[in-house]
Amino acid sequence: FEVREGERVPFRLRWFPSHEEPEPLPELEQSLRATEQFWQDWVAQGNDEDPYREHIVRSLITLKALTYSPTGGMVASVTTSLPEALGGTRNWDYRFCWLRDSTFTLYALLHGGYREEARAFRDWLLRAVAGDPGKVQICYGLSGERRLTELELEWLPGYENSRPVRIGNAASEQMQLDIYGEVGDTLHQARRHGIDSDALGWPFQLAHTEWLAKAWREPDQGLWEKRGKAQHFTHSKVLTWVAFDRAIKAVEKFGLSGPVERWQRVRAEIRESILKHGFDRSKNSFTRAYGSSALDASLLLIPAVGFLPANDPRVLGTIRAIERELLQDGFVRRYTPEQDHSGEGTDGAFIACSFWLVDAYVLSGQEAKAKALFERLLTLQNDVGLLAEEYDVTRGRLVGNFPQSFSHVALVNSARNLGERMRPSEHRQNT
């Protein structure tokens with residue numbers, strides 16, 4: 001059928017199990033009105049009055065739509081195998097829930113007034129990671145499924161001939177120590193916002209912190225999920241410091257019970273290790289991994305998590321080094337391609353990393369640079385305000401799985417950091 005300007009043509013599509021009778025189809029105009037009213041009411045719950053409210057609301061709607069309401073789990077994306085580089089092999093399945101997104105997501109929801117969604121996400125998190133601390137995965141299925149076996153569908157050509165097409169994600173089997181800090185910070189921030197999680201959350205956090213007292217010394221795969229040799233990634237070590245810092249504060253500020261003096265010693269040991277092995281004096285910058293001179297965009301999060309203040313010379317030096325080496329064509333790369341020895345090929349600019357630079361600029365008092373970069377990033381949105389995982393500077397187009405929750409969470413938090421109200425990054429670092 002054809003639809004011309006000004007015309008409305010009802011169109012209905014439904015699915016039901018073949019062994020069941022289909023439910024009666026609803027009246028379309030009524031359903032449309034009910035759907036519109038639902039989203040209007042949901043948006044009205046928010047308390048955003050920032051200059052970038054329109055963009056914040058668009059991103060929050062996207063995050064809500066990426067959430068599976070029966071469990072509260074939020075997928076990283078609704079797609080699989082959309083390539084990070086057209087014709088390349090970085091084609092991953094992102095239809096799962098990543099623990100790493102947890103603190104960023106919680107902030108985006110709580111600061112906007114969406115406590116119900118924040119609580120549901122926190123509860124999903126506690127259910128998913130229950131059990132042996134040493135067997136925590138970096139990602140799970142929407143209902144907490146652990147088995148995410150990766151398969152390659154060889155008979156499919158892939159998006160714009162980008163092979164292979166994958167379902168499942170083998171990264172779920174990696175050791176990534178930073179997630180313990182992200183989860184610990186999530187529970188800490190939930191307490192700060194009055195979401196009581198101590199009946200289940202504190203025993204869980206206590207067990208994880210005790211396990212990490214030895215495990216933090218181990219190498220891991222890092223937040224970029226490299227499928228190569230494990231390393232002592234600086235970002236991972238910083239987040240293990242966060243895990244102990246937030247556990248200590250749970251005792252000091254919320255009256256919970258734990259071996260705080262021993263944790264303080266471990267926290268100090270981790271800090272000393274990072275400052276000794278993760279900082280390159282010749283560059284005046286933190287580095288991607290111990291013993292390496294390479295940089296990594298995740299180092300921009302050092303002030304945001306409270307490890308060092310943003311005006312510390314080592315933080316300022318790191319920002320300048322990233323500007324020199326990773327800021328290319330106006331966007332921040334995760335790392336330079338020559339530093340990648342995985343054999344997976346190059347990729348686009350990871351959009352969240354550029355938002356992290358916005359936040360680092362704000363925290364370090366570089367407001368003009370922060371606003372200019374943020375407003376340039378807004379131009380990457382498509383016609384309905386959605387962002388993918390990455391941006392291909394050469395082709396001038398979005399690449400990677402779409403829409404990407406990490407990109408939208410980063411947009412929301414950066415927009416609020418540029419606003420007049422309490423800024424998420426300042427709130428998080430002042431734990």
Side-chain angles (χ1 to χ4, degrees), residues 42-43 46 48 50 52-68 72-79 94-122 124-125 138-139 178-179 181-183 185-186 189-190 193 223-224 235 239 297-298 300-301 304-305 332 334 349-360 362 370 373-374 377-378 380-381 385-391 398 400-419 423-429:
W42 187 81
V43 167
D48 284 295
D50 299 87
Y52 301 106
R53 171 175 167 76
E54 177 184 350
H55 300 282
I56 291 174
V57 168
R58 170 67 268 187
S59 288
L60 287 174
I61 289 173
T62 305
L63 296 176
K64 173 71 170 175
L66 290 171
T67 301
Y68 183 52
M74 182 186 297
V75 291
S77 183
V78 292
T79 61
Y94 275 12
R95 299 171 298 166
F96 306 113
C97 308
W98 261 257
L99 299 190
R100 182 172 296 107
D101 302 1
S102 57
T103 306
F104 295 97
T105 301
L106 200 76
Y107 264 115
L109 295 172
L110 285 173
H111 279 262
Y114 296 99
R115 294 174 61 85
E116 180 181 342
E117 285 76 12
R119 184 186 297 275
F121 186 77
R122 191 281 318 273
W124 172 89
L125 178 69
I138 66 164
C139 60
D178 66 295
I179 62 173
E182 296 289 4
V183 171
D185 201 14
T186 297
Q189 303 307 335
H193 283 83
L223 83 164
W224 303 128
H235 174 265
L239 267 293
S298 63
L300 293 167
L301 297 173
V305 300
V332 180
R334 290 186 284 185
F350 198 83
I351 292 173
C353 294
S354 295
F355 284 117
W356 295 347
L357 182 57
V358 171
D359 300 337
V362 171
L373 177 55
F374 180 79
L377 291 170
L378 292 182
L380 303 186
Q381 295 172 291
L386 298 179
L387 288 169
E389 177 188 12
E390 300 183 8
Y391 183 71
L398 296 168
N401 284 304
F402 175 89
Q404 182 78 1
S405 64
F406 212 30
S407 299
H408 284 281
V409 168
L411 184 154
V412 170
N413 289 327
S414 291
R416 291 178 177 150
N417 284 332
L418 285 165
R423 295 169 169 176
S425 289
E426 292 178 351
H427 183 264
R428 187 181 183 189
Q429 68 172 344

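Residues Phe406 and Phe350 have side chains in contact (heavy-atom distance under 4.5 Å, counting atoms from C-beta outward). Inter-residue side-chain proximity for Phe402 and Glu389 is flagged as unmet; no heavy-atom pair is nearer than 4.5 Å. Leu377 has its side chain out of reach of Leu411: every pair of non-hydrogen atoms, C-beta onward, lies at least 4.5 Å apart. Under the 4.5 Å side-chain criterion, counting only non-hydrogen atoms from C-beta, Arg58 is in contact with Leu386. Side chains of Phe121 and Thr67 form no contact here, defined as non-hydrogen atoms less than 4.5 Å apart. Under the 4.5 Å side-chain criterion, counting only non-hydrogen atoms from C-beta, Gln404 is not in contact with Leu387. Between Val78 and Pro403, some side-chain heavy-atom pair lies under the 4.5 Å cut-off. With a 4.5 Å cut-off on side-chain heavy atoms, Leu239 and Leu223 do not count as touching.
When all heavy atoms are compared, the tightest approach of Ala108 to Val409 is CB-CG1, 4.3 Å. Scanning all heavy atoms of the two residues, the minimum distance from Val75 to Cys97 falls at N-SG, 4.2 Å. What you find for Ala349 and Val332 is that their closest heavy atoms are CB-O, 4.0 Å. The minimum heavy-atom distance between Ala388 and Ile351, with the atom names listed, is O-CD1, 3.4 Å. A pairwise comparison of heavy atoms in Cys139 and Phe96 identifies CB-CB, 4.5 Å as the closest pair.
Taking CD1 of Ile179 as the start and OG1 of Thr186 as the end, the distance is 11.0 Å to the nearest 0.5 Å. Put simply, OG1 on Thr105 and CZ on Arg100 are 12.0 Å apart, with the number rounded to the nearest 0.5 Å. Here Ser354 contributes atom OG and Asp359 contributes atom CG; the two are 11.0 Å apart, rounded to the nearest 0.5 Å. Between the CZ atom of Arg95 and the CG atom of Leu66 there is a distance of 13.5 Å, given to the nearest 0.5 Å. With rounding to the nearest 0.5 angstrom, the OH atom of Tyr94 is 9.5 Å from the OG1 atom of Thr79. With rounding to the nearest 0.5 angstrom, the CD atom of Gln189 is 9.0 Å from the CG atom of Leu110.
Ring-centre distance between Tyr52 and Phe374: below the 6.0 Å cut-off.
With Asp185 contributing its side chain and Gly181 its backbone, the two residues share no donor-acceptor pair below 3.5 Å. Ser414 contributes a side-chain N or O that, together with a main-chain N or O of Phe355, makes up a donor-acceptor pair within less than 3.5 Å.
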Please determine whether side-chain contact (heavy atoms from CB on, under 4.5 Å) holds for the pair His55 and Leu378, giving the CA-CA distance in whole Å, both sets of side-chain angles, and the decisive distance to 0.1 Å. CA-CA 8 Å; His55 300 282; Leu378 292 182; 3.7 Å; yes
| message | I'd like to know whether Glu182 forms a side-chain contact (heavy atoms from CB on, under 4.5 Å) with Leu125, so could you lay out the CA-CA distance, the side-chain angles of the two residues, the decisive distance to 0.1 Å, and finally the verdict. | response | CA-CA 11 Å; Glu182 296 289 4; Leu125 178 69; over 6 Å; no
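Using cut-offs of 30° and 60° on the angle between ring planes, the pair Trp42 and Tyr114 is parallel.
Within 6.0 Å of the OH atom in Tyr68, the count of heavy atoms belonging to other residues, nucleotides or ligands does not exceed 12.
Using a cutoff of 4.0 Å between basic side-chain nitrogens and carboxylate oxygens, Glu390 and Arg334 are scored as salt-bridged.
Residues His408 and Ser59 have side chains that bring a donor and an acceptor to within less than 3.5 angstrom of each other.
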